[in-house]
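Notes follow the structure.
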Amino acid sequence: MFGAVSGPKGLFTPATTGYGGVFLISKSSVKTEADLRKVLNFFDKISDKDMQIMMNYGLEGVHYKVEDGKLVTILTQDMPQAPDVNIKSFNQLSIGVPNVLDTAFKAGTPLRAKANDVKAANEKIIVPNPGEPLVSATYTQKGAQLDQQVEDARVKFIVGKLDEAGFKAEMELWKKNGGEAYMKEMNDAYAASKK
């Protein structure tokens, strides 16, 4: 467990996207405003603290107990492994309201305490991505290939299969494969968002 790595300009850490997936509500299934309100009410209900705890940790007394304000996993003969494997799919429905789970219980283990400390320290040096909400037609069409090309070049460089010149050549190829258009579209979208 470690925080940001220091670079030539100090300590920085990238921000997350701020979301971990998307829920889509189909107009063919939810036809009226009244039905839409029911769906939104459901999401509102599962966003409260008790539901967030249940979807991520299970049921108190079954999957966990609280001792001195700390969450303690319950292991039984029927559930010899960590109980989260029995409830893992529920957290996919969780909205993930920031800080609800972080403040629900005291850190139960030294590792969790360290994780909380690292997170708090990183919040002071976070660098958000201003391009996150922007859309690029090129990236919509070719994003997976463009990302894979960068990842492949990065891995090859790290393991020594590419030198710095080879890595730069791969990035030039990335630009020709759509990266140049992607950068232009994102820069144009960013400029337009500032008007």
Side-chain angles (χ1 to χ4, degrees), residues 1-25 47 52 55-57 81-82 84-85 87-103 107-195:
M1 182 68 57
F2 60 90
V5 178
S6 184
K9 295 183 179 180
L11 288 168
F12 299 98
T13 192
T16 64
T17 58
Y19 58 88
V22 176
F23 288 101
L24 302 174
I25 301 169
S47 298
Q52 292 285 302
M55 286 190 288
N56 285 275
Y57 299 120
Q81 73 278 34
D84 68 344
V85 300
I87 60 169
K88 192 60 100 181
S89 59
F90 292 125
N91 73 2
Q92 297 304 303
L93 184 60
S94 176
I95 300 296
V97 179
N99 298 323
V100 165
L101 296 175
D102 293 338
T103 59
T109 65
L111 185 60
R112 174 54 56 199
K114 176 69 173 172
N116 290 344
D117 291 345
V118 167
K119 181 179 173 185
N122 281 348
E123 287 175 355
K124 297 173 185 154
I125 55 170
I126 230 167
V127 179
N129 175 0
E132 192 63 49
L134 306 177
V135 177
S136 154
T138 299
Y139 191 80
T140 300
Q141 295 171 351
K142 300 180 178 182
Q145 296 93 331
L146 291 171
D147 288 349
Q148 191 62 56
Q149 187 176 355
V150 171
E151 184 62 23
D152 289 347
R154 183 182 297 133
V155 169
K156 288 177 185 174
F157 181 73
I158 290 169
V159 300
K161 289 190 176 184
L162 278 179
D163 61 8
E164 195 163 337
F167 182 81
K168 287 180 180 177
E170 284 293 317
M171 293 304 95
E172 288 303 315
L173 184 59
W174 176 85
K175 288 178 185 177
K176 289 177 185 163
N177 288 341
E180 194 79 60
Y182 170 47
M183 288 189 296
K184 181 180 184 328
E185 290 165 5
M186 291 299 285
N187 283 323
D188 290 348
Y190 180 72
S193 75
K194 291 297 170 191
K195 291 182 180 176

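Values in this document were obtained by computation on a predicted structure and should not be read as measured data.
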Check: Are K168 and E164 within salt-bridge range, i.e. N to O under 4.0 Å?
Finding: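 Answer for the salt bridge query: yes.
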
Notebook entry, point to check: Salt-bridged, D152 to K156, with N to O below 4.0 Å?
Noted result: no

Please report the closest heavy-atom contact between [X] and [Y], naming both atoms and the distance.
{"X": "D163", "Y": "G166", "result": "OD1-N, 2.7 Å"}
{"X": "A153", "Y": "M171", "result": "CB-CE, 3.7 Å"}
{"X": "N177", "Y": "L146", "result": "O-CD2, 3.9 Å"}
{"X": "Q149", "Y": "E170", "result": "NE2-O, 3.4 Å"}
{"X": "M186", "Y": "S136", "result": "SD-CB, 3.8 Å"}
{"X": "I125", "Y": "A4", "result": "CD1-CB, 3.5 Å"}

[atom2] on [Y] to [atom1] on [X], rounded to 0.5 Å:
{"X": "Y139", "Y": "Q145", "atom1": "OH", "atom2": "CD", "result": "10.0 Å"}
{"X": "I126", "Y": "L11", "atom1": "CD1", "atom2": "CG", "result": "13.0 Å"}
{"X": "E185", "Y": "L134", "atom1": "CD", "atom2": "CG", "result": "11.5 Å"}
{"X": "F12", "Y": "N122", "atom1": "CZ", "atom2": "CG", "result": "12.5 Å"}
{"X": "Q52", "Y": "Y57", "atom1": "CD", "atom2": "OH", "result": "10.0 Å"}

Notebook entry, point to check: When you look at V150 and R154, which way does the side-chain contact (heavy atoms from CB on, under 4.5 Å) test go after all the steps?
Noted result: CA-CA 6 Å; V150 171; R154 183 182 297 133; 3.6 Å; yes

Check: How are the rings of F167 and F157 set to each other: parallel, tilted or perpendicular (split at 30° and 60°)?
Finding: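 Aromatic pair F167/F157 classed tilted.
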
